[in-house]
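I have placed the structure first, in the form of structure tokens, so that the comments after it can refer back to it.
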Amino acid sequence: MQFGHFDDRAKEYVITRPNTPRPWSNYLGSLDYGAIITNNAGGYSFYKSALSSRFLRLRSNSVPMDQPGRYFYLRDQVTGDFWSSSWQPVGKPLSKYKSTCRHGTAYTIITSRYSAIETESTYFVPLGQAFEYWRLKVTNKSKQPRTLALFTYCEMASPWHMPNDLTNLQYSQFITKATVDQEMLGMAVHPYHAFDPQNLMGCHRLWMTLVGAPLIGYETVRERFLGSVYHTYANPQAVIEGRCSNFLAEGENAIGTLQTEITLQPGETRELIAMLGLGTPESHGYAARAEFGTPERCEAELQKLKQHWHSLLGAVKVKTPDAEFDAMANTWGAYNALITYTWSRHASLIYNGERDGLGFRDTVQDFLGAMPMLREQIRERLELMLTGQVSNGGAMPVVAPFSHQPGTMPPPKREEYRSDDCQWFFNAIPDYVAETGDLDFYRKVLPYADQGEATVLGHLRRALEFNLERSGKNGLPCGLHADWNDCVKMGYNGESVMVAEQLRFGLATYATIAEKLHAVYCPGDATPSSRPPDHGEDAAAPAPSSYLAEAAWARTELTRLEAAIQKAAWDGEWFLWAIGEDGYRYGSKTESEGKIYINTQVWAVMSGAATPEQGRKCMDALKRDLATPYGIMLSAPPFTHTPPTVMGGVIYNHGIKENAGIFCHTQSWAVIAEAMLGNGDQAYDYYRAFMPAAYNTRAELREIEPYVHCQTTYATCNRNAGKSRVPWLSGTASWSHHTALQWILGVRPELDGLRIDPCIPRSWPGFTMTRVFRGKTIRIEVKNPNGVSKGVGSLVINGKKIDGNLAPLDRLTDGTKVVATLG
Ligand code: IFM
């Protein structure tokens, strides 16, 4: 069943049936002002933190699950019939009510037609501003004049702290106070507390205004608007009666209802604008209304917003034979990666603001997806995360951006360290350096979270040492509190095969970086220095000649680790996932639960830990035992009897999340592994199995937005098979976008140029990509005349043939045309 379609040109997803299987949502706003909206105008708003600076309320996991929101109610003043400009909350019969929703890049436009009245409501936050626009256009399509009462509705949090607002009612119901004048409503929470207009986070002040028609009434208390505690958003008494009571809140649940009345001649359109913003009317509201409160300015701001996002997304444009793949690569995958990067795991309909810190491992992985669009802009967050590393090489589990003070943070307790956290730097940092060319970044000195400082290279070295120093009886890194899989509990000193593979990757990457630093900063000096490595007290005075020694150190450790992995973790057909403190081998063919695990197969290939034979063998086993039409299960068979002290995933039903679910985050790793092995058909099949757009025509199966990635999908061993859950904020978004561009299409930034190394389905005749790289627009064409998957046979740059598959930096100027022919 199809509920909508991709409008690629407008970069919009158009929902044509409002009764989607679940609310399908979008994000408004910026890095500061966050807002979520669904196809039925449900959602909430917050400033910087959905937890501690939440000002529009949503009751999570309620029914319907996206209410309240930002509503316009309409009432025919002659007949008394009423409806809303989004299908919900009034929910008129769909035989009489038509609606579309266009989710665009940080804006949403909902249209309706009911009773010969058309509406178009547009929601967005103008760039750099601390208010939201709700623009309503109303058109009379009937043959008679129509008089309509119009009401806005939103529910304000009191206080601006999500859990307190929803649970601490003995306090929250008594702290709101409204003011009003001819044009503006003011709402204060803690009305007698001082207000600092310079600091809007948690400022507890809102203003709301309506332009385009006179304010004839208002309501500021929810129960007065609804009429009684037994009414709902579907039948508010004020709308039924066509009249507000003009009551100013002094306590109770605060709302923003502004009422007006318009008379429309046949064919006439009226445009109204509601504005809701942070601060008081005096501090921000009147000025914003004066400057932004006209239809022309509103439209100009919308265009500015679109241009901003389209130019960000315009960093990469692809054209392949698969239109659904293109819709993801050009718009929705990129947008999803940026949204995930921005809001981490704290603001969606599922993550309802229960935390506002940056989970270490997730955030470091999120850099990958956002890299092609944000490039240098990523650096500030990257530095923040590096300062979340502790001087012992481990990491704070969560970096709280609002209170993080590098050099002064108490380090985590021993049992709180995750074993994988800092290993993700070996993906993110080289990708940043390759994208920007900023090799000097490795020499930047940054503090640790608790004490001391080091160059970025020094931070990387500590990351490696952290795991090397915490190795178990078999010479593999200990799992500590957890590895990537939060549920794997092999005992603090039990060993994680995945982290061993990550560590192998990290050591190899470190050696390459050190060699590069040597080549660039001390060319001609071939003598490894005996000086201490580039960290700790020596950080401020890096010793360039030690780079070769660093590389040699890493390669020695790598050789030792590789032997340990081979000895302890290869099970004959695939790699184990863990070895317990007691020596128990998890993920062996002798097991009846959790016998085979995706992560240690794919990372064996990605890290180079697997021999070519092992790589093929374990990926074949993975396909046989874990692949389903909806994606690859995390492990199988599901856990039933394994104690939760070993595998926390046993708390979940079979076939979801960490208990043999399809964990979408990991899918890209299988795609990369197959691409590295040269199997383009398989890589692409795996990619499409979890690609949202591939489900557009059967969206009832997946249920969530066909333009958004999700965290997890029910596997075939569960009766909900195919249903996806936890949309938007997931490592899936970051890795899948990175994988599409760098591993399927295979265009990989490197320090010295662009590597062109596609691994595509054999049936593709080729593809094109336009990509901004180091400020230049590069046009790439890949031809596949012989129907192969991989292997560039010839590379031609601006008409000149060159050897290999690296388009070197000195050949790349703005507009350069690169033609790669496979086979
Ligand atoms: O890797 C974790 C992630 O950090 C949080 N969500 C679950 C994933 C797998 O356990």
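When a ligand or atom number is given, it counts from 1 through the structure's own listing order. Note that the numbering runs from 1 along the sequence shown for the chain.
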Face-on cation placement of R54 at Y44 ring, 6.0 Å and 45° thresholds: yes
Location of contacts on R345 toward ligand 1, heavy atoms closer than 4.0 Å: neither
Face-on cation placement of R381 at Y341 ring, 6.0 Å and 45° thresholds: yes
Sole residue of R418, K657, R361 in side-chain hydrogen bond (donor to acceptor under 3.5 Å, both in side chains) with D486: R361
Donor-acceptor contact present, side-chain R624 to main-chain D620, <3.5 Å: no
Side-chain donor or acceptor of E703 paired with backbone N/O of A699 under 3.5 Å: no
Residue D362 vicinity, atoms of ligand 1 by number, heavy atom under 4.0 Å: 3 (C), 4 (O), 5 (C)
Ligand 1 versus D486: contacting region, heavy-atom distance under 4.0 Å: both
Identity of the nearest option to atom 2 (C) of ligand 1, non-hydrogen atoms only, from F360, W484, F663: W484
Those atoms of ligand 1 less than 4.0 Å from some heavy atom in E658: 7 (C), 9 (C), 10 (O)
For R361, the ligand 1 atoms whose distance to one of its heavy atoms is below 4.0 Å: 1 (O), 2 (C), 3 (C), 4 (O)
